[in-house]
K.L.:
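Here it is: the structure, laid out below.
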Number of protein chains: 2
Amino acid sequence: MKLTDAKAQFISSWGAFGTHWGINRTMAQIHALLLISPDPITQDDIMEQLSISRGNVNMNTRDLIDWGLVERVLIPGERKEFFTAEKDIWKVATQIIKERKKRELDPMLKLLSQLEQIEGDKKDKDVKQFVDTIAGIRKFGGQADKVLDVMIKADENWFLGSLLKFFK
Amino acid sequence: MKLTDAKAQFISSWGAFGTHWGINRTMAQIHALLLISPDPITQDDIMEQLSISRGNVNMNTRDLIDWGLVERVLIPGERKEFFTAEKDIWKVATQIIKERKKRELDPMLKLLSQLEQIEGDKKDKDVKQFVDTIAGIRKFGGQADKVLDVMIKADENWFLGSLLKFFK
DNA sequence: ATATATTTTCAATAAATTTTGAAAATTCAA
DNA sequence: TTGAATTTTCAAAATTTATTGAAAATATAT
């Protein structure tokens, strides 16, 4: 297989993969393109390589920047803006976990603790099942939250850091 | 807050939450409804409680069954089919991990190992970045694969099982 | 066997999401 | 400043995805 084909296949698959993870297809494709580009590239490069409009590139690169996965690079002497992606996959994963935790897990846990304080007779079958379910999810979510915090902070901790070297 | 409101809010939020995880909104809502229902319920119950059509209920309950999160229950003397969801959140999470690994991670890893064997000069900057990126993702994915396998099998292992009791 | 209840399928429709592209805003050099 | 290059915005269009509902298939009781 040649580089051109392999690139195309990687970008396409990474895009499809992204949709399973709540990420928009184009955003994932732009990310894929940036991951395999050794040097920073411009909006026009992205438009051309992925055959998508300027507006689309603009919106999705902005989202990628919000996610902390991509950054703008200013190249001296160049008028245009350039974009580049973090290449260390561990950092990419950590960043995604951090963001999703903040955007999804934390708000859900907050909601669950509200729902747990429901008025009603605990003897009632429906009330009991509701409270038990909410409590179960909240407990599990709370543990997941802690585990993820440890992962996110692992790089800052020498012991965990060295433990994780085995995985890197 | 009263049970009725709390239920409605849980179902709605769980549905929205699901969309971030590659799961269809209605499927997640039906799952939520079943999680808080102490006894098995019918297609008609689901239709009524969520105000959705029969066909929609049918398709989504089937998907939930395919995911191994819901099962059909036959109640003696009843003509209709009943549905019930696994209530142990740890088992639910394990089952989701198992399915997503099979559906998403495993195929991606297979593709990546193909893409790594690209023809081309490793001295070329583009080739090098491509190979490095693919190798990095594959290595990370491979480790994730192992970690998830351990989690999935944890319940079958007395040592890990007792370790995990702390999280349950 | 026949009638009746129940479930399943799937083409048509509706809803949600993504993409476009041109106008407006911004940036920067001279 | 002015004007060209570049980026951003956003309403309209295109596309994708989800939902409906009625017909077909299946299951069950008499």
Side-chain angles (χ1 to χ4, degrees), chain A residues 11-34 40-67 70-85 103-104, chain B residues 11-34 40-67 69-84 103-104:
Chain A
I11 290 169
S12 150
S13 305
W14 198 250
F17 199 61
T19 60
H20 293 296
W21 288 89
I23 292 162
N24 147 307
R25 176 180 271 99
T26 303
M27 187 171 146
Q29 288 185 350
I30 293 175
H31 189 217
L33 175 61
L34 288 168
I41 61 179
T42 65
Q43 270 201 354
D44 293 83
D45 294 330
I46 298 170
M47 286 169 64
E48 196 188 341
Q49 300 229 21
L50 303 181
S51 310
I52 56 178
S53 73
R54 183 176 304 284
N56 203 357
V57 172
N58 195 276
M59 291 178 132
N60 284 112
T61 47
R62 192 227 307 254
D63 282 348
L64 284 164
I65 291 168
D66 287 345
W67 274 81
V70 164
E71 47 175 28
R72 263 177 239 280
V73 179
L74 291 174
I75 293 187
E78 291 279 3
R79 183 77 179 269
K80 291 182 182 174
E81 289 180 332
F82 286 70
F83 297 93
T84 189
R103 295 170 190 219
E104 297 158 33
Chain B
I11 290 169
S12 152
S13 305
W14 197 250
F17 200 60
T19 61
H20 293 295
W21 288 91
I23 290 161
N24 151 304
R25 176 179 273 100
T26 303
M27 187 172 147
Q29 288 185 350
I30 294 175
H31 188 218
L33 175 60
L34 289 168
I41 60 178
T42 64
Q43 270 202 353
D44 293 80
D45 295 330
I46 299 171
M47 286 169 65
E48 195 188 339
Q49 299 228 24
L50 304 180
S51 311
I52 55 178
S53 72
R54 184 175 303 286
N56 201 358
V57 172
N58 195 275
M59 289 177 133
N60 283 111
T61 46
R62 193 228 305 255
D63 281 349
L64 284 165
I65 291 168
D66 288 345
W67 274 80
L69 298 172
V70 165
E71 46 177 28
R72 263 178 239 279
V73 178
L74 292 174
I75 292 187
E78 291 279 3
R79 184 76 180 267
K80 291 181 180 174
E81 288 180 333
F82 286 71
F83 297 94
T84 191
R103 294 170 191 219
E104 297 157 33

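Keep in mind that the numbers below use all heavy atoms, side chains included, and drop hydrogens, waters and symmetry copies.
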K.L.:
In the structure I gave you, are the side-chain heavy atoms of B:N56 and B:L50 within less than 4.5 Å of one another anywhere?
P.N.:
no

K.L.:
Quick check: are there more than 12 heavy atoms from other residues, nucleotides or ligands sitting under 6.0 Å from CD of A:E104?
P.N.:
yes

K.L.:
May I ask you to list the residues of residues 43-50 of chain A, by number, that have any heavy atom positioned under 4.0 Å from an atom of DNA chain D?
P.N.:
A:Q43

K.L.:
In whole Å, I'd like the distance from the CZ atom of B:R62 to the P atom of D:dA25.
P.N.:
16 Å

K.L.:
Check A:I11 against A:Q29 and note the closest heavy-atom contact, atom names and distance.
P.N.:
O-CG, 3.5 Å

K.L.:
More than 12 foreign heavy atoms under 6.0 Å from CD of A:E71: is that the case here?
P.N.:
no

K.L.:
Let me know the distance between CD of A:E78 and C1' of C:dC28, rounded to the nearest Å.
P.N.:
14 Å

K.L.:
Mind listing the closest non-hydrogen atom pair of B:W14 and B:A32 along with its distance?
P.N.:
CD1-CB, 3.6 Å

K.L.:
Between D:dA18 atom P and B:I30 atom CD1, what is the distance in whole Å?
P.N.:
13 Å

K.L.:
Do the non-hydrogen side-chain atoms of A:F83 and A:D45 ever get within less than 4.5 Å of each other?
P.N.:
no

K.L.:
Please report the distance, rounded to the nearest Å, between CG in A:N58 and P in C:dA23.
P.N.:
17 Å

K.L.:
Is the shortest side-chain N/O distance from A:R79 to OP1 or OP2 of C:dT26 below 4.0 Å?
P.N.:
no

K.L.:
Is B:E81 close to B:Q43 at the side-chain level, that is, under 4.5 Å between some pair of heavy atoms?
P.N.:
no

K.L.:
Between protein and nucleotides 18-21 of chain C, what N or O pairs are separated by less than 3.5 Å?
P.N.:
{"from": "C:dT19", "atom 1": "OP1", "to": "A:T26", "atom 2": "OG1", "distance (Å)": "2.5"}
{"from": "C:dT19", "atom 1": "OP2", "to": "A:T26", "atom 2": "OG1", "distance (Å)": "2.9"}
{"from": "C:dT19", "atom 1": "O5'", "to": "A:N56", "atom 2": "ND2", "distance (Å)": "3.4"}
{"from": "C:dT20", "atom 1": "OP2", "to": "A:S53", "atom 2": "N", "distance (Å)": "2.7"}
{"from": "C:dT20", "atom 1": "OP2", "to": "A:S53", "atom 2": "OG", "distance (Å)": "3.1"}
{"from": "C:dT20", "atom 1": "OP2", "to": "A:N56", "atom 2": "ND2", "distance (Å)": "3.2"}

K.L.:
Could you check whether atom CD of B:E78 has more than 12 heavy atoms from other residues, nucleotides or ligands sitting under 6.0 Å from it?
P.N.:
yes

K.L.:
Could you state the NZ-C1' distance from B:K80 to D:dA29, rounded to the nearest angstrom?
P.N.:
16 Å

